[in-house]
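All of these numbers come straight from a predicted model, not from anything done at the bench. Letters A, B, ... are given to chains in the order of the sequence lines, protein chains preceding strands, and every chain is numbered from 1.
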Protein chains: 2
Amino acid sequence: MMKFADMPRPATSAALRVPARDRALLAGVSLWRRIADEIEQSIAGGTLPPGAQLPGEIELAQRFAVNRHTVRRALAALTEQGIVRAERGRGTFVEAPRLSYPIRRRTRFSEIVGHAGRAVGGRLIGSAVEAADAEVARRLTLETAAPVVRLDLLREADGVPLCAGTTWLPAARFPDAARIYAASNSITRLLAYFGIRDYARTQTHITAAIATATDAASLQVALGRPLLIVDSVDVNLDRVPLLTTRARFAADRVALVVET
Amino acid sequence: MMKFADMPRPATSAALRVPARDRALLAGVSLWRRIADEIEQSIAGGTLPPGAQLPGEIELAQRFAVNRHTVRRALAALTEQGIVRAERGRGTFVEAPRLSYPIRRRTRFSEIVGHAGRAVGGRLIGSAVEAADAEVARRLTLETAAPVVRLDLLREADGVPLCAGTTWLPAARFPDAARIYAASNSITRLLAYFGIRDYARTQTHITAAIATATDAASLQVALGRPLLIVDSVDVNLDRVPLLTTRARFAADRVALVVET
DNA sequence: TTTTATTTGTCCGTATGTATA
DNA sequence: GTATACATACGGACAAATAAA
C-alpha cells in the first residue's frame with residue numbers, strides 16, 4: 001500500500017495486481033486498519049489540518065486501490081476515536097484535536113488554555129446571590145439555604161466555547177464577588193482581592209450527559225452531543241472550602257487528563 | 001412547606017392561604033428549588049428508592065400546593081443532575097446513584113466495586129493477538145504493528161454492566177495472556193502470573209461519547225446515552241508500560257472521582 | 001422553487017481466510 | 001479432518017442529506 005500523500009490519482013499500481021487475500025496478509029494487519037493508520041498519520045503530520053475535508057470515499061477507495069466499504073471501515077474506526085467527523089451529503093472532516101485539560105491540585109483554566117498556546121477567552125454570563133441548595137451547601141460545608149454568590153461563566157479557547165460552568169462562593173466571606181469578578185475576569189484575582197494567596201482543587205467528580213437545547217446554544221454544539229460534567233471543590237491552604245463549581249465541557253473539544 | 005413524606009393528600013393546608021410571592025421569599029429560596037431539595041432528600045433518605053416511580057406531576061403539585069409548572073421546574077433540575085429520569089407517557093423514576101469510581105495510582109476495578117458493597121462481576125468477551133495500531137503502539141512504546149494481546153472485557157456491579165473495555169498487552173512479554181486471564185478473571189492475577197507484583201496507573205485520559213448500537217447492546221443502555229471514554233496506561237515500578245486500556249463507561253451509572 | 005450532482009448511510013449479496021468446537 | 005461461526009474484502013443498488021445550478 002502506498003503512502004496517502006503521494007498516492008497516484010488514477011490508481012493503476014501494483015497493489016491492484018495482488019490478490020486481496022495476499023495483500024491483507026502482507027503485514028499481518030487488516031487492510032482497513034492500515035488505511036486508518038495511514039490517514040491518522042496524515043492528520044497527525046499536518047498534511048490534513050483540523051477542519052480539512054477528506055477526499056470522498058470513492059476517491060479514497062481509488063487512491064488506496066480498495067473497495068469503498070474497506071475505506072468506510074477505516075473511517076468508522078477514526079470516527080469512533082473522534083479523529084474525523086462524517087456529515088452525510090457534505091463529506092468527512094478532520095476534527096480539531098481535543099484540548100488536554102489536566103486535573104491537578106492547581107487547576108487554573110487560563111493557565112491550562114494559555115499553556116496550550118490558545119487564546120484564553122471567557123465572560124460572565126450572569127450572577128446572583130441565592131440560597132445554597134442541599135448539594136452546594138454540603139460541598140461548601142454551609143447550612144442549607146445559606147446565601148451564596150453564583151457566577152455563571154462561559155470559557156473559551158481561540159474564541160470557541162470549551163465549557164459553561166457555575167461557580168458558587170459563600171456570600172458571607174465573598175460579598176460583592178460578582179462585581180469583583182466582572183472587573184478582573186479571573187477567579188484567581190477574585191480570590192486575591194479577598195486576601196487569598198493560593199487555593200487548591202480537592203475533589204473532582206466527572207460524569208457525562210447529553211447536550212440540552214440550552215447547552216447547545218451556549219457551548220455551540222449540536223443537540224445530543226456529549227458533555228463532560230465536572231463538579232469540583234476548591235479549598236484554601238487550611239482546607240477550608242472556598243468555592244465549588246459545576247462545569248459542562250464540550251466533550252468533542254476537551255479531554256480531561258489525570259496524572260497519577 | 002411540609003415534608004414530602006407526610007404531605008396530606010388533598011392539600012388544603014395553610015400554605016395555600018399564603019400568597020405565592022410571600023411563600024417564595026419565606027426562606028429566601030425559590031419554591032421550585034425547595035421542592036427539588038425536598039424530593040432529593042426523600043431519595044437520599046430512602047423514602048424513594050432507586051427505580052421507584054414518583055407521583056405524577058399533577059399529584060405532586062397538589063401535595064406541595066403549587067402549580068404543576070413549579071413542580072416541573074423542580075423535576076427538571078433533578079433530571080439535569082441525573083437524580084431522576086422522566087419517561088414520556090410513563091412517569092418519572094428515581095435513578096440509581098452513580099457508583100463513585102476513584103482514579104488513583106492504584107486503580108483496581110474489583111477493589112473499587114467491592115469496596116462500594118456491590119457484587120463484582122465481569123467476563124471476557126473476546127480476545128485476540130493482533131498488530132498494534134499507531135495509538136496502542138505509542139502508549140506501550142512498541143513499534144507499530146508489533147504483536148499485542150487484546151482482551152475485551154465487560155465488567156459489572158450487582159449484575160449491571162458498568163463498562164466495556166479493551167486492554168492491550170505486549171504479546172512478546174505476555175504470551176498466552178488471554179488464557180491466563182480467562183482462568184483467573186483478573187488483570188492483577190494475570191500480571192502476577194508473569195511475575196509482576198505491583199503496577200500503577202500513570203495517565204488517564206477522559207472524554208465522552210454517545211452510545212452506538214454496539215455499546216447499547218453490551219452495556220445495556222439506550223442508544224444515544226452518554227458514555228465516559230477512559231484511556232489509561234499502567235506501568236510497573238520501573239515505569240515500563242505493561243498494558244493500556246480503552247474503556248467505555250455507562251455515564252448514567254458511574255462518576256469518576258479524582259482526589260488531588 | 002425545482003432540478004441535478006455529490007456525498008455519506010444502509011442494505012443486499014458473494015467469496016475467502018481464520019479460529020473454534 | 002469437518003463443520004461452524006466470524007472477520008475481512010469486494011461488488012452493487014438505493015436512500016437521505018446537502019449544495020449548487
Side-chain angles (χ1 to χ4, degrees), chain A residues 1-2 4 7 9-40 43 48 51-95 216 221-225 252, chain B residues 123-134 136 145 147-154 164 166 168-169 171 174-183 209-218 223-224 246:
Chain A
M1 194 176 64
M2 300 184 70
F4 176 82
M7 187 66 57
R9 185 170 298 229
T12 58
S13 61
L16 263 180
R17 289 192 292 273
V18 182
R21 64 181 176 281
D22 293 340
R23 266 185 293 150
L25 294 172
L26 277 181
V29 187
S30 58
L31 257 180
W32 66 262
R33 197 180 288 270
R34 281 190 285 160
I35 292 172
D37 283 350
E38 191 70 49
I39 296 175
E40 186 177 350
I43 293 170
L48 288 167
Q53 180 168 12
L54 269 67
E57 293 172 353
I58 296 172
E59 186 181 339
L60 282 175
Q62 290 170 345
R63 290 204 202 178
F64 288 114
V66 298
N67 188 273
R68 175 173 166 242
H69 294 297
T70 308
V71 168
R72 283 184 61 74
R73 182 68 187 84
L75 291 178
L78 295 176
T79 303
E80 190 78 0
Q81 293 176 59
I83 295 172
V84 303
R85 180 187 72 261
E87 295 182 23
R88 168 145 60 155
R90 299 226 310 135
T92 305
F93 301 86
V94 179
E95 289 273 36
V221 297
L223 259 173
R225 290 270 71 203
D252 294 331
Chain B
R123 57 181 198 276
L124 185 64
I125 300 296
S127 65
V129 176
E130 62 184 23
D133 68 15
V136 168
V148 287
V149 179
R150 168 203 175 114
L151 305 174
D152 295 312
L153 307 176
L154 184 70
T166 302
W168 290 271
L169 306 99
F174 303 102
D176 218 9
R179 196 178 53 78
I180 312 296
Y181 182 88
I210 301 297
T212 65
T214 311
D215 298 320
S218 62
L223 260 171
R246 159 161 288 209

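The phosphate of D:dA9 has neither OP1 nor OP2 within less than 4.0 Å of any side-chain N or O from A:Asn67. For the OP1/OP2 pair of C:dT8 and a distance below 4.0 Å, the side-chain nitrogens and oxygens of A:Thr92 include at least one atom meeting the criterion. The phosphate of D:dA19 (OP1 or OP2) has a side-chain N or O of A:Arg90 nearer than 4.0 angstrom.
A:Ile83 pairs by the side chain to side chain contact (heavy atoms under 4.5 Å, CB included) definition with A:Glu40, A:Ile43, A:Leu78, A:Gln81, not counting sequence neighbours. Shown here are the side-chain hydrogen bond (donor to acceptor under 3.5 Å, both in side chains) partners of A:Arg225, two or more places apart in sequence or in another chain: A:Asp252.
Taking atom CZ of residue B:Arg150 and atom C1' of nucleotide D:dA7, one finds them 12 Å apart after rounding to whole Å. Going from atom CZ of A:Arg34 over to atom P of D:dA9 covers 8 Å, rounded to whole Å. Here D:dC6 presents its P atom at 18 Å from CH2 of A:Trp32, a figure rounded to the nearest Å. Distance CZ (A:Arg68) to P (D:dG11): 13 Å, rounded to an integer number of Å. Whole-Å rounding puts the A:Arg72 CZ to D:dT8 P distance at 16 Å. In this entry the distance linking CD of A:Glu57 with P of D:dC10 reads 14 Å, nearest Å. In this entry the distance linking CD of A:Gln53 with P of D:dA19 reads 11 Å, nearest Å. Between the C1' atom of C:dT14 and the NE2 atom of A:His69 lies a distance of 12 Å, rounded to the nearest Å.
Looking at A:Glu87, its side chain never comes within 3.5 Å of a backbone N or O of A:Phe93 through a donor-acceptor pair.
For B:Ile125, the CD1 atom counts as densely surrounded, since its 6.0 Å shell holds more than 12 non-hydrogen atoms of other residues, nucleotides or ligands. In B:Arg123, the CZ atom is not crowded: 12 or fewer heavy atoms of neighbouring residues, nucleotides or ligands sit closer than 6.0 Å.
Judged by Watson-Crick or G-U wobble contacts below 3.5 Å, the nucleotide D:dG1 has no partner.
The two residues B:Leu124 and B:Tyr181 have their closest heavy-atom pair at CD1-CD2, 3.9 Å.
Test A:Arg68, A:Arg73, A:Arg63 against A:Glu57 for salt bridge (Lys or Arg N to Asp or Glu O under 4.0 Å) and you get one pass: A:Arg68.
Near DNA chain C, defined here as any heavy-atom distance below 4.0 Å, the residues from residues 73-89 of chain A are A:Ala86, A:Glu87, A:Arg88, A:Gly89, listed numerically.
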